[in-house]
Undergrad: 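First, the structure itself, so that you have it in front of you.
Remember, it's a predicted structure, so these values are computed and weren't measured experimentally.
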Amino acid sequence: HVTIYGLFAEHSLGNLVRWRGEHGRVFLFQSEFAYDVPAGWDFPAYNVSAERHTGLGVGVYSYFFNDVRVHSAISAPSQNAQFVCPFTHFLTGNGTIKHVLNEKGIPVSAAGMSCYIG
């Protein structure tokens, strides 16, 4: 049972956050993928493996130099992992974030595009 208010992570070459503990809660997560990862790189920014987790205001930004195609900005294994207002935002550059959370959300691939899940 861990609660975090304001979690920030940026520019890692793998997952920005890997949450494994049960019953965790995060209020505000702000992250930005690394700029210079190679094409073919595909890691979610927020990766949850716990069955029970709550994320409120989880946001992932991108600005890729290369043609990177991230399948999902947020990955969670279960319906018991709840997210309120997760979003992705494409700042500029190349590539695509295909989904916000698992298979939910539309691709963002042009400067200024955002996708929110309500």
Side-chain angles (χ1 to χ4, degrees):
H1 296 280
V2 172
T3 299
I4 296 177
Y5 298 96
L7 176 59
F8 303 88
E10 295 189 346
H11 308 279
S12 173
L13 296 178
N15 301 119
L16 298 174
V17 169
R18 296 173 98 187
W19 196 286
R20 296 180 179 160
E22 294 294 333
H23 303 283
R25 298 184 307 166
V26 172
F27 295 84
L28 177 65
F29 172 70
Q30 184 271 319
S31 67
E32 183 178 22
F33 286 116
Y35 303 141
D36 57 351
V37 292
W41 180 90
D42 184 15
F43 287 90
Y46 196 88
N47 187 348
V48 177
S49 60
E51 290 297 316
R52 296 195 184 337
H53 182 79
T54 302
L56 294 96
V58 175
V60 180
Y61 297 82
S62 68
Y63 174 20
F64 297 123
F65 294 156
N66 299 309
D67 189 23
V68 176
R69 301 188 181 274
V70 174
H71 181 75
S72 183
I74 304 163
S75 175
S78 160
Q79 294 297 91
N80 292 325
Q82 300 175 340
F83 289 85
V84 177
C85 297
F87 72 93
T88 57
H89 182 78
F90 192 92
L91 295 168
T92 191
N94 299 297
T96 302
I97 299 175
K98 295 179 185 176
H99 302 286
V100 176
L101 171 62
N102 296 335
E103 299 294 323
K104 297 176 184 172
I106 62 170
V108 292
S109 58
M113 279 185 75
S114 296
C115 180
Y116 296 83
I117 297 177

Undergrad: Between CG of Asp42 and CD1 of Ile97, what distance do you get to the nearest 0.5 Å?
TA: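 One finds 10.5 Å between CG of Asp42 and CD1 of Ile97.
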
Undergrad: Scan residues 64-82 for pairs that pass salt bridge (charged side-chain N to carboxylate O under 4.0 Å, His left out), counting only residues two or more places apart or in two chains.
TA: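 Qualifying pairs, neighbours excluded: Asp67-Arg69.
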
Undergrad: Do Leu16 and Glu32 have side chains that approach each other closer than 4.5 Å (heavy atoms only, starting at C-beta)?
TA: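 A side-chain contact is absent here, since even the closest heavy-atom pair is not under 4.5 Å.
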
Undergrad: Any idea how Trp41 and Phe43 line up, ring-wise: parallel (<30°), tilted (30 to 60°), or perpendicular (>60°)?
TA: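 Because their plane-to-plane angle lies in the 30° to 60° range, the rings of Trp41 and Phe43 count as tilted.
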
Undergrad: Work out which heavy atom in Ser72 is nearest to a heavy atom in Asn102; give both atom names and the distance.
TA: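 Scanning both residues, the minimum pair turns out to be OG-N, 2.9 Å.
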
Undergrad: According to the salt bridge (charged side-chain N to carboxylate O under 4.0 Å, His left out) rule, which pairs have a member within residues 73-99, sequence neighbours left out?
TA: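 Qualifying pairs, neighbours excluded: none.
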
Undergrad: OH/Tyr63 to OG1/Thr92 distance, rounded to the nearest 0.5 angstrom?
TA: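 Interatomic distance, Tyr63 OH to Thr92 OG1, rounded to 0.5 Å: 6.0 Å.
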
Undergrad: Between Val70 and Tyr61, is there shared hydrophobic-cluster membership here, with clusters defined by ILVMFWY side-chain heavy atoms closer than 4.5 Å?
TA: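 No.
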
Undergrad: Nearest 0.5 Å, what's the CG-CZ distance between Asn80 and Arg52?
TA: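 Interatomic distance, Asn80 CG to Arg52 CZ, rounded to 0.5 Å: 4.0 Å.
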
Undergrad: If I compare all heavy atoms of Asn66 with all of Val37, which pair ends up nearest, and what's the gap?
TA: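 Heavy-atom minimum between the residues: ND2-O, 2.9 Å.
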
Undergrad: Taking Ser109 for the side chain and Thr96 for the main chain, is one N or O donor matched with an acceptor at less than 3.5 Å?
TA: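 Answer holds: no.
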
Undergrad: Side-chain contact, heavy-atom cut-off 4.5 Å: Ile74 with Phe29?
TA: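 In short, these two side chains do not touch, never coming nearer than 4.5 Å.
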
Undergrad: What about Val100 and Leu56, same hydrophobic cluster or not, with Ile/Leu/Val/Met/Phe/Trp/Tyr joined at side-chain heavy-atom distances under 4.5 Å?
TA: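 No: no chain of side-chain contacts under 4.5 Å links Val100 to Leu56.
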
Undergrad: In sequence, state the C-alpha distance, the side-chain angles, and the governing distance for His99 and His71, and then conclude on side chain to side chain contact (heavy atoms under 4.5 Å, CB included).
TA: CA-CA 6 Å; His99 302 286; His71 181 75; 3.7 Å; yes

Undergrad: Any heavy-atom pair between the side chains of Ser62 and Leu91 that's under 4.5 Å?
TA: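 With C-beta onward as the side chain, the pair stays apart.
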
Undergrad: Using atom types as modelled and distance alone, determine if a side-chain donor or acceptor of Glu22 lies under 3.5 Å from a backbone N or O of Glu51.
TA: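 Yes, Glu22 side chain to Glu51 backbone: donor-acceptor pair under 3.5 Å.
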
Undergrad: Under 3.5 Å, which donor-acceptor pairs do the side chains of residues 81-89 form with other protein atoms, sequence neighbours left out?
TA:
from	atom 1	to	atom 2	distance (Å)
His89	ND1	Met113	O	3.4
His89	ND1	Ser114	OG	2.4

Undergrad: Could you measure the distance from the OG atom of Ser75 to the CZ atom of Arg18? Nearest 0.5 Å is fine.
TA: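 It is 10.5 Å, given to the nearest 0.5 Å.
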
Undergrad: As a quick check of understanding, evaluate side chain to side chain contact (heavy atoms under 4.5 Å, CB included) for Val68 and Phe33, giving each step before the final call.
TA: CA-CA 10 Å; Val68 176; Phe33 286 116; over 6 Å; no

Undergrad: Can you give me the closest heavy-atom contact between Leu13 and Ala34, atom names plus distance?
TA: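 What the structure gives for the nearest pair is CD2-CB, 4.2 Å.
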
Undergrad: Quick one: does Trp19's side chain have a donor or acceptor within less than 3.5 Å of a partner on Gly21's backbone?
TA: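 Yes.
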
Undergrad: Answer yes or no: is there a side-chain heavy-atom contact under 4.5 Å between Phe27 and Thr54?
TA: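 The answer is no; the side chains never approach within 4.5 Å.
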
Undergrad: Give a yes or no answer on whether the side chain of Asp36 reaches the backbone of Phe65 with a donor-acceptor pair at less than 3.5 Å.
TA: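 Absent.
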
Undergrad: Same hydrophobic cluster for Tyr46 and Ile4, using side-chain heavy-atom links shorter than 4.5 Å among ILVMFWY?
TA: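 Both belong to a single hydrophobic cluster.
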
Undergrad: For Ala50 versus Arg20, what's the shortest heavy-atom pair and its separation?
TA: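 Taking Ala50 first and Arg20 second, the nearest heavy atoms are CB-O, 3.6 Å.
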
Undergrad: Between Tyr5 and Phe8, is there shared hydrophobic-cluster membership here, with clusters defined by ILVMFWY side-chain heavy atoms closer than 4.5 Å?
TA: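 No, because Tyr5 and Phe8 fall into different hydrophobic clusters, even though each may have its own neighbours under 4.5 Å.
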
